[in-house]
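Notes follow the structure.
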Protein chains: 2
Amino acid sequence: MEQRRADTIAEALEERIFDGTFADGDRLDEVRLAEQFGVSRTPFREALQRLARSGLVELIPRRGAFVRQPGPVELLELFEAMAEIEAVCGRLAASRISDAALAELHDANRKCQAAVTANDPDAYYRENERFHGVIYQQSGNGFLAAQAQALHRRLQPFRRQQLRLRGRMAQSMAEHEAIVTALEQGAPEAAANGLRGHVAIQGEKFHRLMANLRDAAE
Amino acid sequence: MEQRRADTIAEALEERIFDGTFADGDRLDEVRLAEQFGVSRTPFREALQRLARSGLVELIPRRGAFVRQPGPVELLELFEAMAEIEAVCGRLAASRISDAALAELHDANRKCQAAVTANDPDAYYRENERFHGVIYQQSGNGFLAAQAQALHRRLQPFRRQQLRLRGRMAQSMAEHEAIVTALEQGAPEAAANGLRGHVAIQGEKFHRLMANLRDAAE
DNA sequence: AAGTCTATTCTTGTATACAAAATAATTGAC
DNA sequence: GTCAATTATTTTGTATACAAGAATAGACTT
């Protein structure tokens, strides 16, 4: 699994940006961080260039690299985009999904349900991710699937928070079932609407969560 | 307009990849191209890292940077994704578009029509781009708009070819009109379907064009 | 004491130097 | 003559060196 250095560093930085180790606006000091990674500035800078493209860091000429965390507005936009893209995947998948994939969705749902009753959030996550991943794949469009996967990953930390809300896991399961049914029946609009709602509600929950936190802080 | 070097080089390379100067599989020689750009390998390599993220080049460790042009399959996927994302933008825009933006769409359509009668493809392009750009913006979702714009740009060269087909410009104009009407009436599904069809048909035309070229080559 | 100008320090951007890996070439064996 | 192995050459990856632009601190003026 030997990878080139710039890849590894970029991934490590990405991880730290996702998990919040680096806050919004933080300057990523080349010499300090390069040293911390045990490399010289050259490969570290190459990693920064990589991250710049996906908008995780902003490279200001002659100033340095600054972390760009999505603010509340951007976050809502990301959730909305996620909902819409999942809906698209669902609509396409409705007429393209294979029997094997349908079986895998059922399996994921079963294990999700088991995780709910066992109160095992980690297992729930794993299976939930599998569920959505299968739908991305079954859109039959590799580009869309990759796009959806990337967005999913980017929103993962924020989804994690709001899933702790009371009763959300059970509700989410019901939505999963409805989505599979739509896919099974080859109903494009039903699948699309189901997925859109399923993801959009996460954005709304997140929104409310944020508002509550803000109010509590006052 | 002084930009940092890596940006400039990345853009220049991107341009050459888009316009086909670099064919699929071409290796981008670091020393030769860096010299050609009048810089050392360091900033050139930084530019490569950037391009790697967007999938325009593939960086194979210890081997070099290779151009990745979309093949027929990937191209169809890109057209399909474009159609779906435009549809999403249209649906969102239907309930968010401003009067000013509607006026701009009308204006763009008028100028498009004028370009058709004047047989001025360049003007047609400019206005067509404006038309679609306004819809992206009016989706009210910056992330989606950026995504749509990027895809649009990437498919531009391929769209250019197929627009020469007989009668396509006139048909395209009629579709534009229908889309504006749907947006004016605040009809989300009509706007979405109109845009999806409008873009998807380009993919189909392109597909047929490719098939013809292939047949002719035999 | 506040503000500004200047000098110093720090940081970025780029070039070059060197090491390791991959490719090409040459030699030798069969 | 063909194939294999070894050597030579190219090319990538990384470190270091240096130049130029920002940030900072200090001195001088008002």
Side-chain angles (χ1 to χ4, degrees), chain A residues 1-18 20-71, chain B residues 1-70:
Chain A
M1 258 283 277
E2 253 306 302
Q3 255 184 329
R4 53 170 11 192
R5 215 94 95 150
D7 278 31
T8 319
I9 296 171
E11 275 176 38
L13 282 177
E14 195 174 308
E15 198 56 41
R16 293 201 200 175
I17 291 174
F18 280 156
T21 306
F22 296 127
D24 184 58
D26 280 2
R27 184 173 133 269
L28 299 175
D29 192 278
E30 289 182 6
V31 291
R32 204 162 53 85
L33 285 170
E35 192 177 10
Q36 199 170 313
F37 277 104
V39 297
S40 81
R41 282 174 55 219
T42 311
F44 183 78
R45 279 176 58 92
E46 289 185 358
L48 286 182
Q49 293 288 340
R50 225 163 226 255
L51 264 48
R53 199 80 198 242
S54 26
L56 270 61
V57 303
E58 187 180 4
L59 262 41
I60 302 178
R62 286 266 165 218
R63 283 277 164 78
F66 297 85
V67 176
R68 297 276 298 151
Q69 292 282 15
Chain B
M1 257 283 278
E2 252 305 304
Q3 255 185 327
R4 54 172 8 193
R5 216 94 95 150
D7 279 32
T8 320
I9 296 172
E11 275 176 38
L13 282 177
E14 195 174 308
E15 197 58 40
R16 293 202 200 175
I17 291 173
F18 280 156
D19 74 13
T21 306
F22 296 127
D24 185 57
D26 281 1
R27 185 174 131 269
L28 299 175
D29 192 279
E30 289 181 6
V31 290
R32 204 162 53 85
L33 285 170
E35 191 177 11
Q36 199 170 313
F37 278 105
V39 296
S40 81
R41 284 174 54 219
T42 312
F44 183 78
R45 279 176 59 91
E46 289 186 358
L48 287 181
Q49 293 288 340
R50 221 163 232 254
L51 263 48
R53 198 81 199 241
S54 26
L56 270 61
V57 303
E58 187 179 4
L59 262 41
I60 302 178
R62 286 270 165 215
R63 283 279 161 81
F66 297 86
V67 176
R68 296 279 296 154
Q69 292 282 15

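Keep in mind that the numbers below use all heavy atoms, side chains included, and drop hydrogens, waters and symmetry copies. Throughout, a chain's letter reflects where its sequence line sits, starting with A, and its residues are numbered from 1.
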Rounded at 0.5 Å granularity, tell me how far [atom1] in [X] sits from [atom2] in [Y].
| X | Y | atom1 | atom2 | answer |
| --- | --- | --- | --- | --- |
| Glu30(B) | Arg41(B) | CD | CZ | 4.5 Å |
| Glu46(A) | Asp7(A) | CD | CG | 10.0 Å |
| Arg45(A) | Leu59(A) | CZ | CG | 7.5 Å |
| Phe44(B) | Gln49(B) | CZ | CD | 11.5 Å |
| Ile9(B) | Leu33(B) | CD1 | CG | 10.0 Å |

(message) Students often get this wrong, so: under 4.0 angstrom with heavy atoms, is Arg27(A) touching a base, only sugar-phosphate, or nothing?
(response) sugar-phosphate
(message) Students often get this wrong, so: under 4.0 angstrom with heavy atoms, is Val31(A) touching a base, only sugar-phosphate, or nothing?
(response) nothing
(request) For dA15(C), take OP1 and OP2 only and decide whether either is under 4.0 Å from a side-chain N or O of Arg41(B). (result) no
Between the protein and nucleotides 23-25 of chain D, which nitrogen or oxygen pairs are less than 3.5 angstrom apart?
from, atom 1, to, atom 2, distance (Å)
dA23(D), OP1, Arg63(A), NE, 2.5
dA23(D), OP2, Arg63(A), NH2, 3.2

Excluding sequence neighbours, so at least two apart, what forms side chain to side chain contact (heavy atoms under 4.5 Å, CB included) with [X]?
| X | value |
| --- | --- |
| Phe66(B) | Arg27(B), Ile60(B), Arg63(B) |
| Glu35(A) | none |
| Arg53(A) | Glu14(B), Arg50(B), Leu51(B), Arg53(B), Ser54(B) |

(message) Using heavy-atom distances to pick each residue's nearest nucleotide on DNA chain D, tell me which of Ala65(B) and Pro43(A) is more 5'.
(response) Ala65(B)
(request) On DNA chain D, check which nucleotide each of Thr42(B) and Leu28(B) is closest to and give me the residue with the more 5' one. (result) Leu28(B)
(message) Looking at every heavy atom in both Ala10(B) and Ala47(B), which two are closest together, and how far apart are they?
(response) N-CB, 3.7 Å
Can you tell me how far [atom2] of [N] sits from [atom1] of [X], to the nearest Å?
| X | N | atom1 | atom2 | result |
| --- | --- | --- | --- | --- |
| Phe44(B) | dT11(D) | CZ | P | 13 Å |
| Glu30(B) | dT16(C) | CD | C1' | 14 Å |
| Asp29(A) | dG13(C) | CG | P | 12 Å |
| Arg45(A) | dA15(C) | CZ | P | 12 Å |
| Arg50(B) | dG13(C) | CZ | P | 11 Å |
| Leu59(B) | dT12(D) | CG | C1' | 11 Å |
| Asp7(A) | dT12(D) | CG | P | 16 Å |
| Ile9(A) | dT14(D) | CD1 | C1' | 10 Å |

(request) Report the end-to-end axis angle of the helix from dA1(C)-dT30(D) to dC30(C)-dG1(D); each axis comes from five terminal pairs, and the value is rounded to 10°. (result) 0°
For nucleotides 6-8 of chain D, which of its nitrogen or oxygen atoms have a protein nitrogen or oxygen under 3.5 Å away, and what is each distance?
none

(request) Examine distances only and state if a side-chain atom of Gln69(B) and a backbone atom of Gly25(B) form a donor-acceptor pair shorter than 3.5 Å. (result) no
(message) Just to verify, which of Thr8(A), Leu56(A), Leu48(A) counts as forming a side-chain contact (heavy atoms from CB on, under 4.5 Å) with Leu13(A)?
(response) Leu48(A)
